[in-house]
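One structure below.
In what follows, every heavy atom counts, from backbone to side chain, and hydrogens, waters and symmetry copies are set aside.
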Amino acid sequence: MITPRLSKLGDRMSQLTGVRAIMKDIIETLANTDVRWINLSAGNPLILPEAEQMWRDYTAELLAEPAFGEVLCRYGSSQGYEPFIEVIADYFRQEYGWNVTPQQVLVTSGSQSLYFFAANSFGGESSSGDLRSVLLPLSPDYTGYNGVSLNPEALVALQPTIQHLGNHRFKYVPNLDRLPLDESIGAVLFSRPCNPSGNVMATEDVRRIADRSARLSIPVLIDSAYAPPFPNLVSQNMDLVWGDTIIHCLSLSKAGLPGERLGVAIGAPELLAPLQAFQANAAIHSSRFGQAIAAKAIASGQLANLAKTVIQPHYHHKRERLEAAFDREMPQDIPWHLHVGEGGIFAWLWLQDSPHTDTDLYQAIKQAGTIVVPGQSFFPGLRGDWAHTHQCLRISLTASVEDIEAGVAAIARVVTQAYNAEARSAVPVGQAT
Ligand code: PLP
């Protein structure tokens with residue numbers, strides 16, 4: 001048995017961060033096939049037949065082309081596969097009127113690696129020795145940000161304001177007046193739409209962050225993993241915001257290609273150059289196969305069309321059924337609140353003043369045969385004691401409608417029991433009826 005002698009960094013990077021730690025428990029639970037689990041924990045997008053067919057068709061087209069050898073059998077530029085870069089630049093010029101040139105596009109091995117390169121290029125210890133932070137302006141946010149910085153101290157998140165919207169709904173709003181945007185910030189990062197909450201930060205808030213950041217040359221990475229034009233998982237129109245230091249980050253994962261590891265950054269060439277160099281050192285470049293078939297799907301307009309007509313309605317329908325199930329199953333007198341579903345593939349439930357922590361509730365709901373994800377790992381970089389971080393659950397919309405409805409019923413039973421037991425135990429002795 002070999003015990004690896006890890007460096008401090010090696011030790012840190014070998015820890016499972018964020019949701020991956022709880023995923024281990026979930027995978028072990030699901031391995032028990034004696035139980036018919038209702039799995040509302042999955043982060044993996046669904047394989048929708050129409051999307052799979054489209055990728056199959058473009059793969060067949062590529063196989064028959066002379067370019068096939070060039071794509072698969074050769075190394076290429078660390079910036080990405082040239083025809084794909086051209087297609088991205090053309091698409092955003094034509095559809096959004098952004099003045100994008102190929103020099104403003106960088107392709108990475110999935111968008112996760114893009115955030116890793118950026119967090120460590122712009123954040124961390126500066127050459128003069130001070131610490132530059134990676135600022136997450138709206139917590140909670142994507143659990144994958146937990147592990148992006150080689151210096152965990154560099155990740156800093158801001159607690160939001162909670163806006164109650166009545167009828168058991170709420171929305172997180174960023175506290176922009178308290179946003180510490182100064183020389184100590186290396187980069188700003190947030191997902192829009194947000195995983196886990198489904199929040200879409202208001203366009204004017206994004207503009208305010210972008211304008212203030214631009215004055216200090218701070219890059220603003222907008223993680224658009226669920227945004228238009230693809231996969232376009234939004235419930236209403238959403239403006240994309242463009243600005244001098246914005247790095248607009250796309251992912252092809254939720255549009256059906258998670259296995260190909262394909263992320264795209266669009267931004268100023270000066271900001272992309274260090275990220276490209278980082279990628280060249282770490283991984284050389286992303287898979288060219290994924291880029292070649294994605295170029296075809298984007299250039300033909302089929303990907304954006306499929307996102308709008310198939311992927312978006314699929315999740316929209318499930319969201320509606322989930323909300324109806326919550327309204328039906330959960331008692332009115334318990335302070336439960338669903339975050340408004342503005343985008344993404346998850347629902348986010350806040351159990352205000354919950355008598356149990358999110359991990360205890362996760363265990364109790366698991367006992368009832370349903371698996372959700374405890375919310376606490378979705379607050380990367382948030383310091384201090386905020387009870388809210390232990391009062392939330394993430395529920396995936398990737399299960400079937402039947403499973404979503406049965407799972408919500410199970411959650412409602414467990415949660416109701418927990419609050420009722422608490423209420424009974426709070427009645428002073430002698431007064432119990
Ligand atoms: N950003 C968000 C908000 C995500 O939800 C995910 C994956 O779930 C990612 C980034 C990572 O995506 P990719 O597959 O492009 O690395």
From [X] atom [atom1] to [Y] atom [atom2], the distance as rounded to the nearest 0.5 Å:
| X | Y | atom1 | atom2 | answer |
| --- | --- | --- | --- | --- |
| R261 | L252 | CZ | CG | 10.5 Å |
| I247 | D223 | CD1 | CG | 12.0 Å |
| Q302 | K296 | CD | NZ | 12.0 Å |
| C194 | R192 | SG | CZ | 11.5 Å |

List for me each residue that meets salt bridge (Lys or Arg N to Asp or Glu O under 4.0 Å) alongside [X], sequence neighbours excluded, and say none if there are none.
| X | result |
| --- | --- |
| D403 | R36 |
| D177 | R208 |
| K318 | none |

Looking at [Y] and [X], is there a salt bridge between them, counting it only when a charged N and a carboxylate O are closer than 4.0 Å?
| X | Y | result |
| --- | --- | --- |
| R169 | D327 | yes |
| R93 | D90 | yes |
| K171 | E342 | yes |

Candidate pair F378 and W348, rule ring-ring contact (aromatic ring centres under 6.0 Å, His included), full reasoning | CA-CA 11 Å; F378 295 92; W348 180 250; 5.7 Å; yes
So which pairs with a foot in residues 276-291 pass salt bridge (charged side-chain N to carboxylate O under 4.0 Å, His left out), sequence neighbours left out?
->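 Sorted result for residues 276-291: empty, none.
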Stepwise side-chain contact (heavy atoms from CB on, under 4.5 Å) check, L275 with T108 = CA-CA 9 Å; L275 309 183; T108 57; over 6 Å; no
Ring pair (Phe, Tyr, Trp, His ring centres under 6.0 Å) pairs, two or more places apart, involving [range]:
| range | answer |
| --- | --- |
| residues 287-311 | none |
| residues 22-68 | none |
| residues 184-240 | Y91-F230 |
| residues 115-152 | Y115-Y145, F117-F278, Y142-Y145 |

Anything under 30° is parallel, anything over 60° is perpendicular, the rest tilted; go ahead and classify W350 against H388.
->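 Correct class here is tilted.
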Please work out whether the ring planes of F92 and Y96 are parallel, tilted or perpendicular, with thresholds of 30° and 60°.
->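 Ring orientation, 0 to 90° scale: parallel.
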Whether the side chain of [X] engages the backbone of [Y] through a donor-acceptor N/O pair (distance < 3.5 Å, no angle test) should be reported.
| X | Y | value |
| --- | --- | --- |
| H248 | I266 | no |
| Q312 | N232 | yes |
| H314 | L48 | no |

Kindly write out the residues that satisfy side chain to side chain contact (heavy atoms under 4.5 Å, CB included) with E320, not counting sequence neighbours, or none if the list is empty.
->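 H316.
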By side chain to side chain donor-acceptor pair (under 3.5 Å) - contacts of Y81 (at least two apart) |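 Scan of Y81 (side chain to side chain donor-acceptor pair (under 3.5 Å), adjacent residues dropped) gives none.
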N/O donor to acceptor pairs below 3.5 angstrom from side-chain atoms of residues 22-29, sequence neighbours left out:
residue	atom	partner	partner atom	Å
K24	NZ	E28	OE2	3.3
D25	OD2	Y362	OH	2.5
D25	OD2	K366	NZ	2.8
T29	OG1	D25	O	2.7

Can N151 and S149 be said to form a side-chain hydrogen bond (donor to acceptor under 3.5 Å, both in side chains), step by step?
-> CA-CA 5 Å; N151 182 343; S149 177; 5.6 Å; no
Can you sort out the partners of H168 under ring pair (Phe, Tyr, Trp, His ring centres under 6.0 Å), two or more places apart, ordered by chain and number?
->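 H168 satisfies ring pair (Phe, Tyr, Trp, His ring centres under 6.0 Å) with W336 only.
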